[in-house]
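Naming convention: chains lettered A, B, ... in sequence-line order (proteins, then strands); numbering from 1 in each chain. Below, each value reflects all heavy atoms present in this structure, side chains not excepted, and no hydrogens, waters or symmetry copies. Since the model is a prediction, treat every value here as computed from it, not as a measurement.
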Number of protein chains: 2
Amino acid sequence: MDVKEAVEISKCLSNQTRMQIMEWLREPEKNFPPHISIDHFDDGVCATYIHEKSKLSQSTVSNYLTNMEKCGLLVMTKHGKWSYYKRNEAIITDFAKYLL
Amino acid sequence: MDVKEAVEISKCLSNQTRMQIMEWLREPEKNFPPHISIDHFDDGVCATYIHEKSKLSQSTVSNYLTNMEKCGLLVMTKHGKWSYYKRNEAIITDFAKYLL
DNA sequence: ACTACATATCGATAAATACCGATATTTGCA
DNA sequence: TGCAAATATCGGTATTTATCGATATGTAGT
């Protein structure tokens, strides 16, 4: 991981809601209801649920998630019309190691 | 560590120069000249050297360092008219663990 | 093809952050 | 005491980020 990458990750984490999204996604089954169409969290959580939990507008949260994916913190998987987001543990570990 | 603390730390890290300061301070003897008045780096590096290395204005860097201390990333020690800054490894470790 | 729903993108404005020069404060030394 | 050096703070402007509503796009089912 280089400086620029680490800075982009930090920018994503420098907001309370985004930081909380990272926490929520650590334990999806604890923080979100089961999804209508998929009965597991293997690909994470559907964007709508994250939006609802956040209490912010759909566009804001969509933007958050897109940026968090861009910087590598999240991985997105499409299933039909839904976008599922989950933590990218590999990058998170890299980032943590980079700081130490 | 709680969310707010972690967000404040992230804010400090979301800037290339500040991120580099964290790196520079990981190996002071490698990145800075020995100080005029103290022949070790036990309390870190004098603010002037950090300022010079950064190529930013003195006021900007002083502000950086002050905020980085406020959020716990750095520890400041005064020796006479000099302020020495070093990494606060304990907080950095906490932060890294918090993310995982 | 049409409708409904999920998500992404756009454009605008408000708020926060970055950064500088100038100035104040602190400290050591002549 | 008075000067010089180191650092901190202040005030202002430029830039970036936050956030929304509106709109576009994409997908599934009727």
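By the rule that hydrophobic residues join a cluster once side-chain heavy atoms approach within less than 4.5 Å of another member, B:Val7 and A:Leu99 end up as members of one cluster.
Within residues 13-41 of chain A, no residue has any heavy atom closer than 4.0 Å to DNA chain C. The stretch residues 50-61 of chain B touches DNA chain C through B:Leu56, B:Ser57, B:Ser59, B:Thr60, each having a heavy atom within less than 4.0 Å of the strand.
Between A:Lys70 atom NZ and C:dT9 atom C1' the separation is 10 Å, expressed in whole Å. Between B:Met76 atom CE and D:dT9 atom C1' the separation is 13 Å, expressed in whole Å. To the nearest angstrom, P of D:dT16 lies 18 Å from NZ of B:Lys11. Atom CG of A:Asn67 and atom P of D:dT16 are 15 Å apart (whole Å). Straight-line distance from the CG atom of A:Leu65 to the C1' atom of C:dA6: 13 Å, rounded to whole Å.
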Base-contact (B) and sugar-phosphate-only (S) positions in nucleotides 24-30 of chain C, heavy-atom cut-off under 4.0 Å, - elsewhere: ---SS--

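Taking side-chain N and O atoms only, A:Ser62 has no distance below 4.0 Å to OP1 or OP2 of C:dT9. OP1 or OP2 of D:dT19 has at least one side-chain nitrogen or oxygen of A:Tyr64 nearer than 4.0 Å. One finds a side-chain N or O of B:Tyr85 lying less than 4.0 angstrom from the OP1 or OP2 phosphate oxygen of D:dA8.
With sequence neighbours left out, the side-chain hydrogen bond (donor to acceptor under 3.5 Å, both in side chains) criterion links A:Glu5 to no other residue. Considering only residues two or more places apart in sequence or on other chains, A:His35 meets the side-chain hydrogen bond (donor to acceptor under 3.5 Å, both in side chains) condition with A:Ser37, A:Tyr84. For A:Lys97, the side-chain contact (heavy atoms from CB on, under 4.5 Å) partners at least two apart in sequence or on another chain are A:Thr93. In this view, A:Lys30 and A:Glu27 satisfy the salt bridge (Lys or Arg N to Asp or Glu O under 4.0 Å) rule, not counting sequence neighbours.
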Can you list, pair by pair, the side-chain donor-acceptor contacts under 3.5 Å of residues 16-25 of chain B, counting residues two or more places apart and other chains?
{"unit_1": "B:Arg18", "atom_1": "NE", "unit_2": "B:Cys12", "atom_2": "O", "d": "2.7"}
{"unit_1": "B:Arg18", "atom_1": "NH2", "unit_2": "B:Lys11", "atom_2": "O", "d": "3.2"}
{"unit_1": "B:Glu23", "atom_1": "OE2", "unit_2": "A:Tyr98", "atom_2": "OH", "d": "2.1"}

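Residue pairs meeting the side chain to side chain donor-acceptor pair (under 3.5 Å) criterion with at least one partner in residues 58-71 of chain B, sequence neighbours excluded, are B:Asn15-B:Tyr64, B:Ser57-B:Ser59, B:Ser57-B:Thr60. Screening residues 32-54 of chain A for salt bridge (charged side-chain N to carboxylate O under 4.0 Å, His left out), with sequence neighbours left out, gives no hits.
Side-chain contact between B:Ile50 and B:Tyr85: present, with at least one pair of heavy atoms (C-beta onward) separated by less than 4.5 Å.
How far OH of B:Tyr49 is from OG of B:Ser54: 14.5 Å, rounded to the nearest 0.5 Å.
Within the 3.5 Å criterion, the main-chain N or O of A:Gly72 finds a donor-acceptor partner in the side chain of A:Asn88.
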